[in-house]
Amino acid sequence: DLGRASQVLALVNRYDRMCNPANGVDALTPHEALSVIFAQLKARFDSVVLGAFIRMMGVYPPGSIVQLVNDRYAIVASVNSGPGNCARAGYPAQPQACATAARCAGLPLSAAAYLLLFRACGQPRSRRGRVVTVSQSHGWLDGLQEAVWLVDETSLLILHANAAAQRLVGLPVAEMVGTPVLRLASTPQDMAFWGESAQVVADGIHSHTSLLRADGTLVPVNRQVTRVPAEVASGTVFMLTMLDRSVQESTERELETLLSELRATLDSAADGMLVCSLDGRVRAFNQRLAQLWNIPRDLLVRRDDAAVYAHMEAQVEDARAYAERLAAIAREPMQESTDILVLRNGLVLELRTVPQFSQGRPVGRVYSYRDITRQTEIQASLRLAARVFESSLDAIFIADSQHRVLRMNPGCERLVGPSAKSFEGCLAASLFGGGSDAAFMEQVLQGWAKEGFWEGELWLPRDNGTYCAVQLSWVAL
């Protein structure tokens, strides 16, 4: 038997391992982890410790992403676990499920139709011996796509379940009838909801939760609770409708994985990437873009597209030409283009834009910014070296690793004479009448090995049959 401190440690350790496993793909959200512990593992933990843990963490623990009633999304930062502050996300009562049932039964959508649908025909007895007034004519419920439970308002026992509920839960209808609703709808959210007063429960709820199947697995469902008439003279019952979200949740997880992989790919790119819609709204970007353009973090989190564009335009040396070029690109959604931008901080960027297609139609544009500052500097150095080579008054030739002449500058061509072009591709030693003189090249190689160059005086044959004394400096590169 574990002491109370050890029980707390074991529970917290299990929760942390569910949220932060070694393999991140298997991670559960805080809400999912709490639901799994409460529904599937509660027998392994002390009930007092587990209850205190749930009350402390709340139905939606810190870190959970929730959808609010105004359809906005938020992250739970903290939990107020004081009295009267039981967290419950819900919507006002909505009659959609009842309306669906009425349409399936071919009845008009009216209050009279609801009375007709739930008219009592007998008094079945639950497994606990309590007599409950509820209709026995529920055949129309079996035609619904949703799994349906009719729940007694006082005892919270399941009075009736349809065929879809039997398939969803994995239990025969007869076994579900008389079962407490919390035995199957056993998540912290359900415990909080069904623990409220009957009037609060009657206000209804429409949210995503999990259902405990007979095999012990949790099934994600879209759940809605409404109060409906049970009998003209015998009050009302709660109707709980559920739709299996397993396929939808699996698809959402696959999409989330794909999006995270795409985001990781985008952020690992060496280029700054900016994805915009056709009307110019920013849809995605990577961190490299923010680095290249020195975009402040507070500007990024404001999601002010106009401010981001203004900041980028201010970084370009010729801001007016840049703005005009972007406007021209925006007018041609099918156009691909490449431009060179010079920023005020000295960076040189290559801008390449391509259209983004969806189902064969252009839906946006992708801007790719590549830092080519280093390449530009290298190209400038090469151009300068080429100008020096061409304009030098000294005779210069370039040979490959096999010592064959590749190129001569104009000064060398003038010195050698009209036959200079004929030496290209020949051994450099042949310029000095040595052909493939091994002794000469041996001296050159020794000089390269010792000092990196060879220097000496040679006789250069001329086209007119005369010889010209030259000082040769041959540098190994």
When rounded to the nearest 0.5 angstrom, what distance separates [atom1] in [X] from [atom2] in [Y]?
X	Y	atom1	atom2	answer
Asp318	Glu313	CG	CD	10.0 Å
Trp459	Leu472	CH2	CG	14.5 Å
Ile54	Tyr15	CD1	OH	11.0 Å
Met312	Gln315	CE	CD	9.0 Å
Asp46	Phe53	CG	CZ	13.5 Å
Thr376	Leu349	OG1	CG	9.5 Å

Would the distance check show the side chain of [X] and the main-chain N or O of [Y] forming a donor-acceptor pair, the cut-off being under 3.5 Å?
X	Y	result
Ser419	Ser422	no
Glu413	Lys421	no
Arg44	Leu11	no
Thr251	Val247	yes
Asn162	Glu146	yes
Ser391	Arg387	yes
Arg223	Leu240	no

What is the minimum heavy-atom distance between [X] and [Y], and which atoms define it?
X	Y	answer
Ser268	Thr265	OG-O, 2.9 Å
Leu168	Ala147	CD2-CB, 3.8 Å
Tyr309	Leu274	CE2-CD2, 4.3 Å
Pro355	Met334	CG-O, 3.9 Å
Ile37	Met18	CG1-SD, 3.8 Å
Ile329	Ser337	CD1-OG, 3.6 Å

Compare all side-chain heavy atoms of [X] with those of [Y] and state whether any distance is below 4.5 angstrom.
X	Y	answer
Gln40	Ser35	no
Val363	Leu278	no
Pro30	Met57	no
Arg213	Val169	no
Leu218	Glu32	no
Val219	Ser246	yes
Glu249	His208	no

Evaluate whether atom [atom1] of [X] has more than 12 neighbouring non-hydrogen atoms of other residues, nucleotides or ligands under 6.0 angstrom away.
X	atom1	result
Tyr467	OH	no
Gln402	CD	no
Arg281	CZ	no

Answer yes or no for Arg407 and Phe389: cation-pi contact, defined as NZ/CZ to six-membered ring centre under 6.0 Å and angle to ring axis within 45°.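 Not satisfied by the 6.0 Å and 45° rule.
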Can you give each donor-acceptor pair under 3.5 Å made by side-chain atoms of residues 365-374, sequence neighbours left out, with the distance rounded to 0.1 Å?
residue, atom, partner, partner atom, Å
Arg365, NH1, Gln335, O, 2.8
Arg365, NH1, Thr353, OG1, 3.3
Arg365, NH2, Glu332, O, 2.7
Arg365, NH2, Pro333, O, 3.1
Arg365, NH2, Gln335, O, 3.0
Ser368, OG, Asp271, OD2, 3.4
Tyr369, OH, Tyr322, OH, 3.4
Arg370, NE, Asp271, OD1, 3.0
Arg370, NE, Asp271, OD2, 3.3
Arg370, NH2, Asp271, OD2, 3.0
Asp371, OD1, Thr373, N, 3.0
Asp371, OD1, Thr373, OG1, 2.6
Thr373, OG1, Val348, N, 2.8

Of Val221, Asp244, Asp190, which is the lone residue that meets side-chain contact (heavy atoms from CB on, under 4.5 Å) with Leu211?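 When side-chain contact (heavy atoms from CB on, under 4.5 Å) is applied between Leu211 and each of Val221, Asp244, Asp190, only Val221 qualifies.
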Which of these passes ring pair (Phe, Tyr, Trp, His ring centres under 6.0 Å) with His403: Trp448, Phe440, Phe397?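 The ring pair (Phe, Tyr, Trp, His ring centres under 6.0 Å) with His403 is passed solely by Trp448 among Trp448, Phe440, Phe397.
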Hydrogens and angles aside, do Thr187 and Thr209 bring a side-chain donor and acceptor to less than 3.5 Å of each other?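 Short answer, yes.
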How about Gln248 and Glu252: does a side-chain donor come under 3.5 Å of a side-chain acceptor?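 The answer is yes; a qualifying pair exists.
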Sequence neighbours left out, cut at 3.5 Å: what donor-acceptor pairs do the side chains of residues 288-303 make with other protein atoms?
residue, atom, partner, partner atom, Å
Arg288, NE, Ala270, O, 3.1
Arg288, NH1, Gln291, OE1, 3.4

Under the criterion salt bridge (charged side-chain N to carboxylate O under 4.0 Å, His left out), I'd like the reasoning laid out for Arg352 against Glu336: C-alpha separation, chi angles, the key distance, then a yes or no. CA-CA 7 Å; Arg352 184 169 185 269; Glu336 296 185 14; 3.7 Å; yes
